[in-house]
Amino acid sequence: MNKKPYFKSGGLVLLLGCGLTFATFAQEVNPKFPLIPYPTSLTPGKGAFALTADTKIVSASRRFDNESVQLNLLLQGYLGKPLKKGVTEEHNIVLKYDASVTSPEGYNLTITSNKIVLAAKEPAGMFRGVETIRQLLPADEHSRVLLKKISLPGVSIADQPAYAWRGMHLDVSRHFFSVAYLKKFIDLMALYKFNKFHLHLTDDQGWRIEIKKYPKLTEEGAWRTFNNQDTVCMKRSKTNPDFVIDPKHIIHKNGKTLYGGFYTQVEMKGVVAYALARHIDIIPEIDMPGHMMAAINSYPFLTSNGENKWGPLFTTPICPCKETTFEFAQNVFTEIMAIFPSQYIHIGGDEVDRSSWAIADSCKTLMEKENIKTTAQLQSYFINRMEKFFNAKGRKLIGWDEILEDGISPTAMVMYWRSWVPDAPIKAGKNGNLVVMSPGDPLYFDNEPDRNSLNAVYHFNPIPAKLTAKEARNIVGAQANTWSEKIPTENRADYMVFPRMTALAEVLWTNKKDYEGYMERLKMNFPRLDALNVSYRLADISGLVEQNVFTDQAILNPQKPIANLTLRYTTDGSLPKSTSAVLNGPLVISKNTFVKLAAFTPMGRRGDVYDLHYKQQDLAVPVATFTAKPGLLCNYYPGSYKSSRLMAGKAGEVITVDSVAVPKQVKAPSFGLKYQGYLDIPQDGIYSFFLNCDDGGILNIAGREVVDNDGPHGPFEKSGQVALKKGLQPIGLDFIEGGGGYTLKLKYSLNGAQPQDIPSSWLKH
Ligand code: ACM
């Protein structure tokens with residue numbers, strides 16, 4: 001994965017307001033139907049069905065036995081005992097075979113006061129319908145107070161997914177996750193109608209699945225001493241307990257403290273069965289030829305020269321020029337295929353440092369024999385040969401988009417991740433390869449979420465613009481990936497995944513945009529996530545700026561995003577606790593102040609802590625009027641910079657721009673930009689600026705630093721204010737991109753209004 005450190009910020013409003021009736025897609029939400037993903041078609045009906053312990057489940061076909069059991073288990077959580085089987089439809093729940101439902105995951109659900117009818121052709125469709133019923137039931141699924149009667153609202157739903165691949169990925173190598181957590185994750189995927197769970201089982205930092213033929217892979221490869229990623233977590237654990245390395249996965253052996261763990265084959269078969277009962281395929285990934293350090297440590301014959309080290313970016317890969325490598329890989333995948341019945345098996349194929357192949361005798365010999373000219377072709381030789389092996393076993397190969405380079409068979413599936421190679425999915429789609437979209441921005445859920453993340457995921461379009469309608473059919477869906485370098489606990493994983501996963505669920509199942517409706521339904525989903533013990537990221541507190549200024553006084557008066565949250569704050573620099581002062585009215589600030597603010601749930605769980613600085617400032621005086629030209633000057637610095645403050649020397653090119661955006665002329669993967677000129681400020685006031693960048697940026701206005709969002713990181717927004725008089729005010733914005741795809745957005749707001757783009761008429765030089 002893209003190894004960048006990330007920070008956080010926060011703040012976004014949940015829109016309230018309930019409509020009473022609601023047919024299909026509209027801006028009103030019927031509180032009776034808090035469904036995510038929203039069904040393809042939903043028509044509210046009259047009345048309600050009263051479900052009691054006397055209700056029976058009627059299912060004439062054995063075909064839906066599993067789904068009937070799942071439904072019964074769910075209802076038992078509320079009623080305290082399982083429902084009996086019935087024969088008559090009246091007053092009961094009927095699971096019906098319906099050959100007219102064409103989609104394998106489609107279903108129809110009709111609820112009247114008389115009965116509930118759930119109809120599907122396939123068990124998978126029936127199961128998705130059971131999960132819709134689940135979301136219509138009370139939030140507390142394992143209520144300690146049993147219910148005598150549950151009322152289900154009258155409705156008619158016809159539903160089917162927009163995309164066949166609705167995936168979530170979890171990296172269990174960098175940090176390890178228990179079997180219980182995998183099951184929790186699968187259950188939550190089922191709740192939101194996902195159907196592919198991609199497990200990244202091996203990497204440099206740990207081998208997590210038992211392979212009987214090579215026992216050292218887990219005896220040795222599943223354990224490591226603390227590494228620099230743990231150090232980052234340990235530092236952050238000082239202010240956030242979710243970063244304390246999970247003690248469940250720490251052992252002491254031969255005088256050493258080791259971190260790790262692995263799944264036995266029996267354990268993993270149990271997880272696979274649990275997922276299959278929920279119609280979720282587990283896609284195992286054994287990442288090779290790169291990312292193999294944990295295996296090579298124990299089996300050094302796998303590399304070209306027996307070496308196993310970190311290069312400038314990646315570790316030494318296994319050697320594609322030795323038969324012993326293929327023997328190992330095939331033996332490993334044979335055991336993997338016996339555990340995982342999924343049609344697709346993931347071979348990784350990403351981030352390979354091929355330099356050891358370039359100097360190996362074994363590779364020289366193979367290249368001559370096979371007429372291979374480059375080491376990139378060696379990589380495709382390896383992948384293509386493994387694909388033949390997979391196919392001979394009746395399976396299909398999937399790999400990260402690097403497998404496209406230098407030749408790929410059209411039958412391999414490509415998982416697109418490199419946002420900075422936008423042509424990769426287009427090339428794959430045109431080549432006839434099936435493609436799963438998982439671009440880093442916005443689908444790497446290890447990127448620290450901020451107030452813009454949910455919106456970005458919700459508005460993600462899996463279909464790249466340059467594909468024809470026919471080629472677009474090769475895009476089978478999308479997936480969010482969660483790399484765990486800086487996710488050492490289950491609570492932290494919950495936080496990174498939720499609620500973003502619910503936004504992706506709606507993109508992939510419903511594929512119609514109703515963001516406001518979604519946000520409202522999300523609010524209604526939080527109590528269920530609370531009941532399921534999900535440590536999701538709380539809704540943002542809206543309208544906050546990190547670096548505030550005032551001339552006489554400022555007023556901090558944030559609104560609670562959800563009524564049952566409590567806002568608490570401190571002014572002494574300490575972290576807000578559940579006993580800190582409550583903020584439930586305006587706080588007047590008339591001297592320099594540092595406020596730490598956080599929302600707390602009724603259970604006392606704390607959300608993001610907002611650091612709000614307040615500084616007194618005079619209105620800055622503009623420069624003397626002169627005849628300025630339109631646009632800003634943008635100085636382009638080719639090269640790689642770790643900080644915006646490190647750009648030095650002469651600019652390569654000076655480009656005049658009419659907006660704060662990376663100019664088209666800039667093609668390099670890493671570069672720096674310095675924007676200079678003036679903002680033609682229309683009236684005196686306190687201006688807020690919102691700088692969203694990947695990587696770093698620093699904004700200065702009127703000679704004052706307004707936003708420091710510097711350093712290498714993923715896209716996130718930071719904000720600051722400056723007090724300005726009307727007239728020409730100098731602006732300087734320094735921005736760096738270290739490689740891996742950039743974001744640069746600058747918005748402003750005056751006196752707390754909605755942030756908006758800076759008009760190009762304000763830009764002068
Ligand atoms: C990846 O993030 N290296 C697939």
Side-chain angles (χ1 to χ4, degrees), residues 1-6 165 167-175 196-208 229 283-295 310-318 344-354 376 379-380 382-383 386 397-405 408 412-425 427-428 433 435-448 457 460 477-487 493 496-497 500 504 669 694-695 712-715 738-742:
M1 67 152 302
N2 193 351
K3 295 175 186 67
K4 294 174 168 186
Y6 304 102
W165 190 291
M168 288 299 300
H169 149 294
L170 185 66
D171 169 12
V172 295
S173 170
R174 275 54 176 267
H175 285 105
K196 306 284 177 204
F197 186 23
H198 171 172
L199 271 184
H200 184 77
L201 287 164
T202 65
D203 213 301
D204 298 316
Q205 294 82 354
W207 186 285
R208 306 284 175 220
Q229 292 155 354
I283 314 295
E285 179 187 355
I286 305 294
D287 198 351
M288 54 175 74
H291 289 269
M292 279 286 278
M293 187 172 244
W310 278 94
L313 289 172
F314 314 124
T315 51
T316 314
I318 60 175
Y344 283 95
I345 305 283
H346 205 304
I347 198 167
D350 58 322
E351 299 184 321
V352 183
D353 176 347
R354 301 186 292 254
Q379 152 104 349
S380 82
F382 176 78
I383 297 292
M386 289 305 294
L397 178 141
I398 179 162
W400 299 111
D401 60 62
E402 284 97 325
I403 67 168
L404 274 168
E405 289 167 5
I408 180 184
M413 185 184 262
V414 174
M415 194 166 270
Y416 173 62
W417 72 282
R418 291 178 300 166
S419 300
W420 65 98
V421 189
D423 283 346
K427 191 170 146 193
N433 296 97
V435 182
V436 175
M437 299 293 287
S438 64
D441 181 15
L443 294 186
Y444 269 29
F445 285 1
D446 46 299
N447 280 349
E448 191 109 14
V457 175
F460 172 69
Q479 174 175 299
N481 301 331
T482 307
W483 302 97
S484 62
E485 284 94 334
K486 290 172 204 117
I487 306 182
M496 298 304 270
V497 168
R500 278 185 280 193
L504 183 61
D694 166 2
D695 289 288
H713 56 71
Y742 58 77

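Counting convention: from 1, in listed order, for ligands and their atoms alike.
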| So does Asp203 pair up with Arg174, basic N to acidic O under 4.0 Å? | yes
| remark: So the atoms of ligand 1 within less than 4.0 Å of a heavy atom of Trp483 turn out to be 1 (C), 2 (O), 4 (C)
| message | Please check whether Asp350 reaches ligand 1 - meaning an N/O of the residue sits under 3.5 Å from an N/O of the ligand, judged on distance alone. | response | yes
| message | Can you confirm, on distance only, whether ligand 1 has an N/O atom lying under 3.5 Å from any N/O atom belonging to Tyr444? | response | yes
| query | Using 4.0 Å as the upper bound for N to carboxylate O, is an ion pair formed by Glu405 and Arg418? | reply | yes
| task | Check whether the ring centres of His198 and Trp400 lie less than 6.0 Å apart, and answer yes or no. | result | yes
| field | Side-chain heavy-atom pair Ile408, Ile383 within 4.5 angstrom cut-off | value | no
| field | Proximal atoms of ligand 1 relative to Trp417 (non-hydrogen, under 4.0 Å) | value | 1 (C), 2 (O), 3 (N), 4 (C)
